[in-house]
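Right, one structure below, let's go through it.
All chains are named by letter (A, B, ...) in the order of the sequence lines, taking the proteins before the strands, and each is independently numbered beginning at 1.
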Amino acid sequence: MKVSEMEMISPTSVHECLHALTDQQKSSRLIAGGTDAVVRMKDRNWMPDIWINIKGLKELRYIREDASGLHIGPLTTHTDIVKSELLQSKADVLTFAAKEVGATQMQNMGTLGGNLGTASPAGDTIPALYVLDAHIQLSSLHQIRSVPIKDFFIGPGKTVIKPDEMISDIVIRPQEKNEIGIFEKLGPRKAQSISIVNFTASLKIKAQTRQCIGGKLAFGSVAPTIIRAKKCESMLLLDPLDEHMIQNIAKVAWKEVAPISDIRASANYRKDMASALLERGLYRLMKRWENK
Amino acid sequence: MSIKVNNPIGKKHRQETSSDRFQWIGKRVPRIDGPEKVTGELQYMTDRSYPNMVWGKVLRAKYPHARITNIDTTQAKVLPGVICVLTYRDIPGFNGFGIVTPDQPVLCEDVVRCTADAVALVAAETNEIAEEALNLIQVDYEPLEVVADAEYAMTEQAPQLHPDGNIHSHVKINNGDVNQAFEEADYIFENTYYSPRQMHAFIETEGGWGMLEEDGVLTIQCPGQYAYRDRLQISRALGLNPESIHVISSPNGGAFGGKDEITVQIYLALLALHSGGRPVKIHLSREESVQAGMKRHPFKVQVKTAAKKDGTIIANQVRAVADTGAYASLGPAVIALAVEHACGPYKIPHVDIEGFCVYTNNGIAGAFRGFGVNQVCVGIETHLDMTAEKIGMDPIEIRKINAYRQGETSSIGHVVKSSVGTHQTLDKAQNCDLWVNRASYKKQPSEPWKKRGVAVATSFHGVGMGIGTPDYGAASIELLPDGRLKVAVGCEEIGTGNGTVYAQVCAEMLHCDMSDITVVQGDTSETLDGGTVTASRSIYTGSKAIATVAPQMIQLLAETAAEILHTPAKNMEIENSTVIDKKDPSNSLTFIEIYDYLSKAKASTKVNGHFYLPKEKEEIKGSGGAPHHIYGYMTHVVMVEVDTLTGETDVLRVVSIPDCGRVMNLQGLEGQTEGGAIMGIGYTLYEDVAIEEGYHKTKNFADYIFPTIRETPEIETIPVEDPEPTNPFGAKGIGEVVMIPIIPAIMSAIYDATGARVRHLPATPERIFEAMKPMNKSAPISSR
């Protein structure tokens, strides 16, 4: 199969797109921003008969709030997220994470739905979706279902999306008034890099104190999928988050991760960095909290 | 006949350092090719396309080391759209290339020695068909044991990769008696340093065009660093008269040494002979460039240094092993330069230095900015700092004590007769804001768990070729019909801005505006052979060549004007592209009028000039070409900030203090010092092409990490102008040394910040973190 022999269709509605996905005669793949798809096509890893170009589906590009939560369309770009005042005030972690994806060009082209579909363990926006209890809405011609993010990924590059389904909505809970988040990324350099380890936290803190009353922590790039650091989460509530307490929690963090060695870093360094990023992240988070 | 014109190269001016008497030289002049590059109007050669073109592709070796038992191209040849499939059988001339030793096959016949090796070539109607055809070529291999480590390659049990063995060259410099000195030393420092396989990472990957013209001339348009030598290498492989080959090698989307050797020129030539006169394009993908392109030699350097309590270094022993990969290219020259520079710009009385250039199956290493000095400067500079710390001496002071001055004997035992700016650069370093106020800057880390360090290092780099390699410059100047002057210099424009300096020099010498100068570079039909654009030589060489030929043009203009105006030529002066009779200024002729006259007389309007670069008379025996006659000197001061939680290191400030002789163009110099600093930061902290068992683990820029603008610090340039007497303007070279001392400076600054020494570059966050582990790990966050 040659790239020049591939077909590309550009549906004008979600319905039309779902029709195309239902046709199982030829293999197909969705392409939105193309920041992953084009690279994988170049490497001959993704060679479908038909590319279904959904970049033009404006109905899937939105950020809005209703009683059920914050809704983000799968074609919302990282730049859209960074610039959204609604998300800045009610999902700050997601905006911080979106800002660290690749570089400006990637943020302009890449979409949140694409980041989910690619299912990289190093995906920068995904831990934020974990701490914000995201639900992924999947649509096919005949069915709509909602999958909690913790059940969405099967392994690196693998999700529960069926061949005739597409992501049609991403729903997250809004942060509460006393809730504050942080995203920490350790890459081989500041810009244009893939995470060696990333860490996301969203904490509810009792006003005028350093006492955490509920918090969610997630790590990226240290396991086959994003993982929540539940042991650390329970420790958050024990005592006020002073430096000593933060260090104690950090000491536990490495036990919650199961990283591998690759060209970017060794497994042991990743373990150490899980602790380091948690420590650094909570320190920075509490500093922001105090200045708030 | 004597011509009296305002000649800026008068002897009495030579020692002046002020550039005020010059109209163009020494001024901050914008790049002549700036607008067309910034706007994208200038196309890379590899961006061009031609009607009727065909696409060429190279089949690379499947294994890093294997015997070829059979090559079958039948299926590929019958694929519709394939124009030709070529193997070693189709090489009319010598199946090999290599600047010094042509040990690299153009197309492999019996054995492949690295995955960069080419086995077959294809030309096809489209890129995709060419790609498909590559997959249809059946090559049968018998894999052989892979030699993955240079030290292993030197042992007897390692398979021999070339008939003469795996040690391709072994060079030495010996002075005094190191063993005696080690006995007398107060302190001895002994360490082993490892350096990375840095990639040139030019924006334009290797590529170009081959065309067999109707008149039988074979035109190769391919960005390179020495069109005339490329032409000779092509002619050798094709068994063709070099005069029938036209090589255009400029402009160029970056080279840094990586296009010094043949890249794809011979492939283009072979395919062009089989494409029925249609232009053939080859343009390597980034992935192929990573796999097949030249890299910097990774070194293992063992250094033992002896010091006295007063700070004098009395002995330095160095053993450097360079992994040159599967083929020699310029490996022996790189290791010779490493040996020459391994003891720094100092006067160490007892030295014992040896270097090995060793074959392995790890790709191919060759020329790269710095040329061996980057790898060896680390040992001596670190050991100087260790000595200074031990005896409580200032790091700049200890360098001043040990640095040679002009007229003194260097560590390698030669009297340095050319300009030496080390002491001036160290003085500037001592007085720069960052150094003076370093204690206060170090107290202001951006977050409590971060630590700052400030350090200094100094180094040097030879300009031009060492002994044994002929080194010459040449330029021509032609008067054009519109009165403009065309100055042609062989040295390619590879991004350095040398062409702008050539225009400055020509305008200066011929008293015209820079905008009246057209510069031509890198084209065998337009320029004379003036040597390579390497070895920090193109400003020194090009400016001197133009200064050599300019008086001939002045003479031609003055004599022609004199003939037309019936006035003695000695009365003629040139001003604003006009020749004026200074006795009667109303009596004048424009360059256009002079051109018209010469043209009607069918006289040539072009003059040529040549010169030979100054050399040392005696080679240090066994050194492989040392010493150089001219060196550029350089000191860097840097400040880093290390995140003690992660090992991430930011270079926050760089003070770059070059001694490049006279500054020809301050803007161009800053381009070099800033680019050099960033490349040095990349070398020290980020960059390495990982190869395991002969296979590249680094595939493209997604996993080859080099600095971006977010890793780029504030870089200040404080030039020292110690004029080099052998250049008419006092210039010497700067292109390489600008990236050298920053390497040990960053390493020492990390130590200054954290107490951790990293000896294996790049100093990635992980390596720094591991080196910091023994330090106060359990201290509270605010005091880390």
Side-chain angles (χ1 to χ4, degrees), chain A residues 1-6 35-36 39-40 42-44 100 102-104 106 122 184-194 196-199 242-248 250-251 253 261-284 286-287, chain B residues 81 126-132 135 285-287 446-450 643-650 681-682 685-692 696-712 762 764-770 772-773 777-784:
Chain A
M1 173 110 196
K2 290 191 211 133
V3 170
S4 63
E5 288 165 356
M6 289 173 166
T35 55
D36 271 311
V39 174
R40 283 161 206 253
K42 198 179 125 192
D43 293 342
R44 306 199 146 252
E100 294 302 322
T104 307
M106 300 289 203
E184 287 285 324
K185 172 171 178 171
L186 179 76
R189 68 180 160 204
K190 293 196 193 85
Q192 307 256 24
S193 69
I194 301 170
I196 291 171
V197 181
N198 64 41
F199 167 69
D242 58 13
E243 283 178 11
H244 185 70
M245 186 62 194
I246 290 173
Q247 278 174 35
N248 279 342
K251 279 181 192 138
S261 294
D262 63 16
I263 188 172
R264 281 173 281 141
S266 71
N268 279 338
Y269 180 65
R270 283 196 162 98
K271 274 187 177 179
D272 286 333
M273 288 307 101
S275 291
L277 291 195
L278 187 144
E279 185 173 343
R280 189 170 83 179
L282 292 188
Y283 182 89
R284 285 176 174 166
M286 292 311 293
K287 179 143 198 185
Chain B
T126 70
N127 208 15
E128 272 189 320
I129 297 172
E131 181 94 48
E132 206 181 344
N135 293 329
S285 67
R286 184 61 67 183
E287 288 77 5
S446 60
E447 288 179 299
W449 61 89
K450 292 183 176 172
D643 185 325
T644 59
L645 288 175
T646 60
E648 290 167 288
T649 297
D650 284 336
I681 291 169
L685 296 181
Y686 301 103
E687 301 181 38
D688 196 10
V689 174
I691 297 183
E692 282 173 20
H696 290 70
K697 296 292 156 187
T698 301
K699 302 285 186 194
N700 57 31
F701 282 177
D703 42 26
Y704 186 76
I705 306 300
F706 50 78
T708 70
I709 193 67
R710 283 178 73 180
E711 285 76 29
T712 301
T764 56
E766 182 168 357
R767 285 187 178 137
I768 295 173
F769 183 81
E770 290 303 323
M772 283 190 304
K773 261 190 174 166
K777 178 78 172 127
S778 58
I781 193 166
S782 49
S783 66
R784 266 190 199 157

> Using non-hydrogen atoms only, which part of A:S266 is less than 4.5 Å away from chain B: side chain, backbone, both, or neither?
Replying inline: both
> When rounded to the nearest 0.5 angstrom, what is the spacing between CD1 in A:I194 and CD1 in B:I705?
Replying inline: 7.5 Å
> For A:D43 and B:K699, what are the C-alpha separation, side-chain angles and deciding distance, and is it a side-chain contact (heavy atoms from CB on, under 4.5 Å)?
Replying inline: CA-CA 11 Å; A:D43 293 342; B:K699 302 285 186 194; over 6 Å; no
> Out of B:E692, B:E711, B:K697, B:E132, which one racks up the most heavy-atom pairs below 4.5 Å with chain A?
Replying inline: B:E711
>> Report which part of A:V197 has an atom under 4.5 Å of a heavy atom belonging to chain B: side chain, backbone, both, or neither.
In response: neither
> Distance from B:N127 atom CG to A:S4 atom OG, nearest 0.5 Å?
Replying inline: 10.5 Å
> Hey, does the side chain of B:E648 reach the backbone of A:L186 with a donor-acceptor pair shorter than 3.5 angstrom?
Replying inline: no
> Distance under 6.0 Å and angle within 45° of the ring axis: does A:R189 meet both against B:F706?
Replying inline: yes
> Considering all heavy atoms of both residues, which atom of B:P765 and which atom of A:Y269 are nearest to each other, and what is their separation?
Replying inline: CB-OH, 3.2 Å
> Of the backbone (N, CA, C, O) and the side chain (C-beta and beyond), which part of A:L277 lies under 4.5 Å from a heavy atom of chain B, both, or neither?
Replying inline: side chain
>> Just verifying a value: how many Å separate B:R710 CZ and A:S193 OG, rounded to the nearest 0.5 Å?
In response: 8.0 Å
>> Are A:K190 and B:D650 packed together at the side-chain level, in the sense that at least one heavy-atom pair is separated by less than 4.5 angstrom?
In response: yes
> So which part of B:S285 gets closer than 4.5 Å to some heavy atom of chain A, the side chain, the backbone, both or neither?
Replying inline: neither
> Is it true that A:R280 and B:D643 have a side-chain N and a carboxylate O under 4.0 angstrom from each other?
Replying inline: yes
> Got a donor-acceptor contact below 3.5 angstrom from the A:Q192 side chain to the B:T708 backbone?
Replying inline: no
> Quick one: CE on A:M273 to OG1 on B:T646, what's the gap to the nearest 0.5 Å?
Replying inline: 6.0 Å
> So do the side chains of B:E766 and A:I196 get within less than 4.5 Å of each other, counting heavy atoms only?
Replying inline: no
> Are the charged groups of B:E447 and A:K287 less than 4.0 angstrom apart, N to O?
Replying inline: no
